[in-house]
Amino acid sequence: MKKARIIGTGSYLPERVLTNLDIEKMVDTSNEWIKARTGIEERRIAAENETTSDLATKAAIAAMDMAGVKAEEIDFIVVGTITGDYPWPATACLVQQKLGASRAVAYDISAACSGFVFALDAAVKQIQTGAARKALVIGSEILSRIIDWTDRNTCVLFGDGAGAVVLEAAEGPNGILSTHLRSDGTYWELLYQAGFGARNPASVEGIEQHLPFLKMQGNEVFKVAVRMLSEVAQEALTANEIEIGDLDFFIPHQANRRILEAVAKRLKLRADQVYINVQSYGNTSGASIPIALDEANRAGRIEEGDLLMFDAFGGGFTWGAALVRW
Ligand code: COA
């Protein structure tokens, strides 16, 4: 079977920076509390006229430029997002239109913060089966639009952004070695958005009850996230007969520093293996892994032959890992 290889990365972060000091003026919190409990110092907030497909398109163009791939060569576009421009159509279709990628099949994946890893898995399978030769995998989110800015338990955690990769069918040993996905719907109520869908259709009362906003039981999510992120990472290593010490980069979903440190400790990762940028962007949900990957790649830190792992966890619950030979 052919391998899917990442031949370009891109990201886009909105210009506006919202610091912890700014949030201190909005809710009863402090810079010290946020830094100590989450590691987050600032996050980006999309401009009023920016949408999730705008962010996604900018990240995609950067990835395609790096790859030297034109829009009309793309066979498949998949966007991991829970904050699409509209409930439907898919944000991926809007990206397709903006890029002029007329040949592509385009759809979204709703796997919350695992969105990028789930989308990557879908694209890898398109390539492995021969259905696609070149694919665009995007994680793009404007979480700031579904955050309750009066809820200090959640509003300090999240930010906006997008990241993308271009995949190409390739011969040889380098590429995505394997993907490992998991879900457990029994946990759905620990992290979700109550309105407005078929369960709670749009209503004035719903707005008064803050239904359109993200709800989370943070400390419960924390415990499960640490366990699942560690387990699925181990599963990916075992499946490929790779030792944890062999990883050059562990690029996890940037949920918060304490989760990442707990996972690193469980897996016995060295600090230099773990890529963390949560301090700058907060939790950008499905966008966090491709943003971190692009940052490391553009800094020239990733070399051909390096071994990378992506590891994500999110609402659903969903979680998954991917192992990559660069
Ligand atoms: N500023 C100040 N105090 C805050 C606060 C804030 N922004 N948010 C919560 N608190 C308070 C709580 O009200 C609580 O006060 P109380 O003891 O008087 O009731 C206290 O801090 C402890 O709350 P708790 O929720 O137990 O804190 P925690 O150590 O679990 O940290 C999170 C809270 C949200 C940072 C942590 O649970 C977390 O990171 N969870 C995972 C969230 C996540 O990553 N979700 C996405 C997964 S993809």
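Counting convention: from 1, in listed order, for ligands and their atoms alike.
- Compare N20, T29, V221 by their heavy atoms: the one nearest to atom 6 (C) of ligand 1 is in T29.
- Considering backbone and side-chain atoms alike, G218 places an N or O below 3.5 Å from some N or O of ligand 1.
- Of the candidates T81, T91, V79, V79 is the only one forming a side chain to side chain contact (heavy atoms under 4.5 Å, CB included) with I138.
- Within a 4.0 Å radius of atom 30 (O) of ligand 1, the protein has at least one heavy atom.
- Near A255, meaning under 4.0 Å from any of its heavy atoms, are these atoms of ligand 1: 44 (O).
- Atom CG of D311 and atom CD of E231 lie 11.0 Å apart (nearest 0.5 Å).
- Looking at R152, M216, Q254 and measuring to atom 7 (N) of ligand 1, the nearest heavy atom belongs to R152.
- Ranking the protein heavy atoms by distance from atom 9 (C) of ligand 1 puts N153 OD1, 3.1 Å first.
- Considering only non-hydrogen protein atoms, atom 21 (O) of ligand 1 sits nearest to W33 CZ2, 3.5 Å.
- Protein heavy atoms come within 4.0 Å of atom 35 (C) of ligand 1.
- The protein reaches atom 41 (C) of ligand 1 closely, with a heavy atom under 4.0 angstrom from it.
- Below 30°, between 30° and 60°, or above 60°: for F317 and Y187 the angle between ring planes is below 30°, a parallel geometry.
- Any N or O atom pair closer than 3.5 Å counts here, and T38 shares no such pair with ligand 1.
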* Report the C-alpha separation of D54 and T51 in whole Å, then their side-chain angles, then the decisive distance to 0.1 Å, and conclude whether the side-chain hydrogen bond (donor to acceptor under 3.5 Å, both in side chains) test is met. => CA-CA 5 Å; D54 293 334; T51 67; 3.2 Å; yes
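- D160 has no carboxylate O lying under 4.0 Å from a charged side-chain N of R43, or vice versa, which leaves the two without a salt bridge.
- Protein heavy atoms all stay at least 4.0 Å away from atom 18 (O) of ligand 1.
- Within the listing of ligand 1, atoms 48 (S) sit less than 4.0 angstrom from a heavy atom of H253.
- Annotation for ligand 1: atoms under 4.0 Å from non-hydrogen atoms of V156 are 7 (N).
- When side chains are defined from C-beta on, T38 does not count as touching V278, because their heavy atoms never get closer than 4.5 Å.
- Hydrophobic clustering (ILVMFWY, side-chain heavy atoms < 4.5 Å, transitive): F158 and W149 are in one cluster.
- Checked against a 3.5 angstrom limit, the closest N/O atoms of N283 and ligand 1 fall outside it.
- Here R133 does not pair with E168 in a salt bridge; the nearest charged N to carboxylate O distance is not below 4.0 Å.
- Set against the non-hydrogen atoms of C113, the atoms of ligand 1 under 4.0 Å away are 48 (S).
- Between N219 and ligand 1, an N or O atom pair is found at a separation short of 3.5 Å.
- Residue-ligand proximity: I259 is placed with a non-hydrogen atom under 4.0 Å from ligand 1.
- Residues L94 and P89 form a side-chain contact, since some pair of their non-hydrogen atoms from C-beta on lies under 4.5 Å apart.
- Close approach to N256 involves these atoms of ligand 1, each under 4.0 Å from a residue heavy atom: 38 (C), 39 (O).
- Between G286 and F116 the shortest heavy-atom distance is O-CB, 3.2 Å.
- The existence of a salt bridge linking R5 and E304 is confirmed by a sub-4.0 Å separation between a basic side-chain nitrogen and an acidic carboxylate oxygen.
- Heavy-atom proximity to F313, at under 4.0 Å, picks out these atoms of ligand 1: 48 (S).
- If you check each of R37, E220, R257, E32 against atom 23 (O) of ligand 1, the one with the closest non-hydrogen atom is R37.
- The shortest side-chain heavy-atom distance between S288 and T284 falls under the 4.5 Å cut-off.
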